[in-house]
2 protein chains.
Amino acid sequence: MRPVHARGEETRQSILEAAESIFADIGYGAARLDQVAQAVGIRRPSILYYFASKQDLYDAVEADIFASMHAFAQERIQGVTDPLDRLLALLDAWLDFNVARPSAARIIQRLVADAATPRRNNPTEFSFSALEDIEAVFADGVRAGAFRPLSPMLFLNGVAGSVLFYVCNSGQLGDTRRYDPADPAELARFRALLHLLARTAVRPG
Amino acid sequence: MRPVHARGEETRQSILEAAESIFADIGYGAARLDQVAQAVGIRRPSILYYFASKQDLYDAVEADIFASMHAFAQERIQGVTDPLDRLLALLDAWLDFNVARPSAARIIQRLVADAATPRRNNPTEFSFSALEDIEAVFADGVRAGAFRPLSPMLFLNGVAGSVLFYVCNSGQLGDTRRYDPADPAELARFRALLHLLARTAVRPG
DNA sequence: ATTATCTATAGATCTATAGATAATGC
DNA sequence: ATTATCTATAGATCTATAGATAATGC
C-alpha cells in the first residue's frame with residue numbers, strides 16, 4: 001500500500017525507521033509488530049495497512065538499506081579513476097554509511113549469519129548491488145594491472161567485512177572495551193587500519 | 001538438571017547439538033523448542049527436563065562454544081614462543097575451529113549483531129575467554145617489541161572477525177559465488193590472506 | 001469520497017508446568 | 001526407587017483480518 005497523502009507517507013517512513021532499529025537490535029524472529037507500533041505511536045494493525053505482512057516490512061527495510069548504501073557508494077566513487085583510490089573510496093563509503101546508520105550494519109551482520117535464508121529464497125535479492133559494486137571495482141583494478149588477481153569475495157570476507165565488526169562490536173566487548181564508532185579519533189584509527197589492509201590485500205607481486 | 005545415567009547424558013548432548021544448529025541457522029528469537037525436540041526425536045517438554053528454560057538452553061550452547069574454542073586455541077598456542085607465530089597460531093585455531101563447527105561461527109556472528117544483548121545483561125559472559133586470549137597474545141607481542149602498539153580490539157575487528165565472514169558467507173553470496181569453506185584449496189587461500197593481513201596489521205614502524 | 005487509523009477478534013502459535021507413565025539400575 | 005519421557009493443558013503470546021470510525025482533500 002503506497003500512501004497518497006503526506007501524512008500517510010510520514011507514517012510509512014516512521015514505521016520503516018522503527019522497524020529497522022528493532023530488526024537490527026533483536027532480529028526478525030524476535031521482533032514484534034507491537035514493538036514497532038509502540039515506537040511509532042500507532043496501533044499494530046495500522047502497520048499492516050502499509051505493509052502486507054511482517055515479512056513484507058522486513059523486505060522493505062532491507063531493500064532500503066542496500067539501495068541507500070549503493071547510491072551513497074556510487075556518489076563517492078564516481079569520478080575517481082585510479083583503481084586503488086576507487087577501492088578505498090568504496091570502502092570509505094561503506095564505512096561512513098554504516099557508522100552513520102548502525103542499524104543497517106546490524107541487519108547486514110545478521111544477514112551474513114542467516115543460513116540458507118529461511119525467510120526468503122534468494123539471499124542476494126537485495127544485497128546484490130553491494131556485491132556487484134565491489135566486483136566492478138575489482139575487475140577494473142585487475143584489468144589495469146593495479147591489483148593482483150584476488151577473488152573479490154575473498155577480499156570482501158577478509159577486509160570489507162571488518163567494517164560491520166567495527167560498528168556492531170562497539171558495545172559487545174564489555175564495559176572496559178566499549179568505544180564509540182562515530183568518535184572521529186576512533187574512526188580515523190580504524191580507517192587507517194582498513195586502508196592499510198586493503199592496500200596490502202590487493203598489492204601485486 | 002544434570003543427567004545421571006548414560007542415556008540421559010546422551011539425550012542432553014543431542015539437545016545441545018540440535019539447539020546449536022537451530023539457534024545458529026535462524027537465531028534465538030525465531031528458534032522454537034519444538035524444532036529442537038523434533039530434531040532430537042523427543043517431545044518438547046523433555047527439553048525442559050534438562051534445561052530449565054529456552055534461555056538456559058541457549059546459554060548452555062553459547063558457553064560450550066566459547067569453552068571449546070578457548071581449549072582448542074590454548075592447545076594450539078602452547079609452546080609457541082615467538083609473538084607473531086603465537087598470533088598466527090591463535091588465528092589459525094579460530095579459523096580451524098569455526099570451519100569445523102560452522103554453527104559456532106553463525107552464533108558468534110549473531111552475538112556481534114545483538115545490540116545491548118536483550119537476552120542477557122553481560123555480553124561477554126561467555127565470550128570473555130576469546131577476548132582475553134587475544135589480549136594476552138597481543139600484550140606479549142607489544143612487550144617484546146615485535147608488534148606495534150595496536151589496540152587488540154582494533155585487530156579483532158579488523159582482522160580476526162574475517163574468520164566468521166569466511167565461514168558464514170559461503171552460501172550467502174548467491175549461487176555463482178558459492179564456495180565450500182572447508183575445501184582445502186579454498187581454505188588455504190583464505191588462510192594465506194589472513195596471515196598476510198595479520199602480519200601487516202601488527203608490523204612495527 | 002477517499003485515505004488513514006482504530007477496536008475487536010479469529011486462529012494459530014509458543015513456553016512452561018502438572019502430573020502420569022515408562023524405562024533403568026541397584 | 002529413581003531417572004527419563006510423555007500427555008494434557010494453562011496462560012500468554014503473535015500475526016493477520018474484518019469492519020467501524022475518524023481525518024483529509026477535492
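In the text below, chain A, chain B and the rest are named by the order of the sequence lines, each starting its count at 1.
Counting all heavy atoms, side chain and backbone alike, Gln172(A) lies closest to Pro123(B) at O-CB, 4.0 Å. Nearest heavy-atom pair across Gly158(B) and Leu193(A) is CA-CD2, 4.3 Å.
In this entry the distance linking CG of Asp34(A) with P of dA16(D) reads 13 Å, nearest Å. Nucleotide dA4(C) holds its C1' atom 13 Å from the CD atom of Glu9(A), rounded to whole Å. When the P atom of dT24(C) is taken as reference, atom CD of Glu10(B) falls 11 Å away, rounded to whole Å. One can place OH of Tyr58(A) at 21 Å from C1' of dA16(D), the figure rounded to the nearest angstrom. Going from atom CD1 of Ile15(B) over to atom P of dA4(D) covers 11 Å, rounded to whole Å. The separation between Ile42(A) atom CD1 and dC6(C) atom P is 6 Å, rounded to whole Å. Summarising the geometry, the separation between CZ on Arg12(A) and P on dT3(C) is reported as 16 Å, rounded to the nearest angstrom. The CZ atom of Arg43(B) sits 9 Å away from the P atom of dA8(D) (whole-angstrom rounding).
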For DNA chain C, the dot-bracket pattern of Watson-Crick and G-U pairs whose distances stay under 3.5 Å, | for other-strand partners: ||||||||||||||||||||||||..

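The shortest distance between the side-chain N/O atoms of Thr11(A) and the OP1/OP2 oxygens of dA4(C) is not below 4.0 Å. For the pair Tyr49(B) and dA16(C), the criterion of a side-chain N or O lying under 4.0 Å from OP1 or OP2 is not met. Residue Ser46(B) places at least one side-chain N or O closer than 4.0 Å to OP1 or OP2 of dC6(D). Between Tyr50(B) and dT5(D) there is a side-chain N or O to OP1 or OP2 distance below 4.0 Å.
The pair Arg110(B)-Asp114(A) meets the salt-bridge criterion, since a charged nitrogen lies less than 4.0 angstrom from a carboxylate oxygen. Between Glu186(B) and Arg189(B), at least one side-chain N (NZ, or NE/NH1/NH2) sits under 4.0 Å from a carboxylate O, which counts as a salt bridge.
The 5' end of DNA chain C is approached more closely, in terms of each residue's nearest nucleotide, by Gly41(A) than by the other of Gly41(A) and Arg32(B).
Nucleic acid contact class of Leu48(A) (heavy atoms, under 4.0 Å, all strands): base. Ala31(B) comes within contact range of the sugar-phosphate backbone alone, with a heavy-atom separation under 4.0 Å but no base atom that close.
Minimum atom distance to the side chain of Arg7(A) is reached by dA23(D), of the listed dC6(C), dA23(D), dT3(D).
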Throw together a table of side-chain donor-acceptor distances under 3.5 angstrom for residues 90-99 of chain A, partners on residues two or more places apart or in other chains.
residue  : atom : partner   : partner atom : Å
Asp92(A) : OD1  : Arg191(A) : NH1          : 3.0
Asp92(A) : OD1  : His195(A) : NE2          : 2.8
Asp92(A) : OD2  : His195(A) : NE2          : 3.2
Asp96(A) : OD1  : Arg191(A) : NH1          : 3.3
Asp96(A) : OD1  : Arg191(A) : NH2          : 2.9
Asp96(A) : OD2  : Arg76(A)  : NH1          : 3.1
Asp96(A) : OD2  : Arg76(A)  : NH2          : 2.9
Asn98(A) : OD1  : Ala105(A) : N            : 3.4
Asn98(A) : ND2  : Trp94(A)  : O            : 2.8

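For the atom pair Ile65(A) CD1 and Ile107(A) CD1, the distance stands at 4.0 Å (nearest 0.5 Å).
Below 30°, between 30° and 60°, or above 60°: for Tyr166(A) and Phe190(A) the angle between ring planes is below 30°, a parallel geometry.
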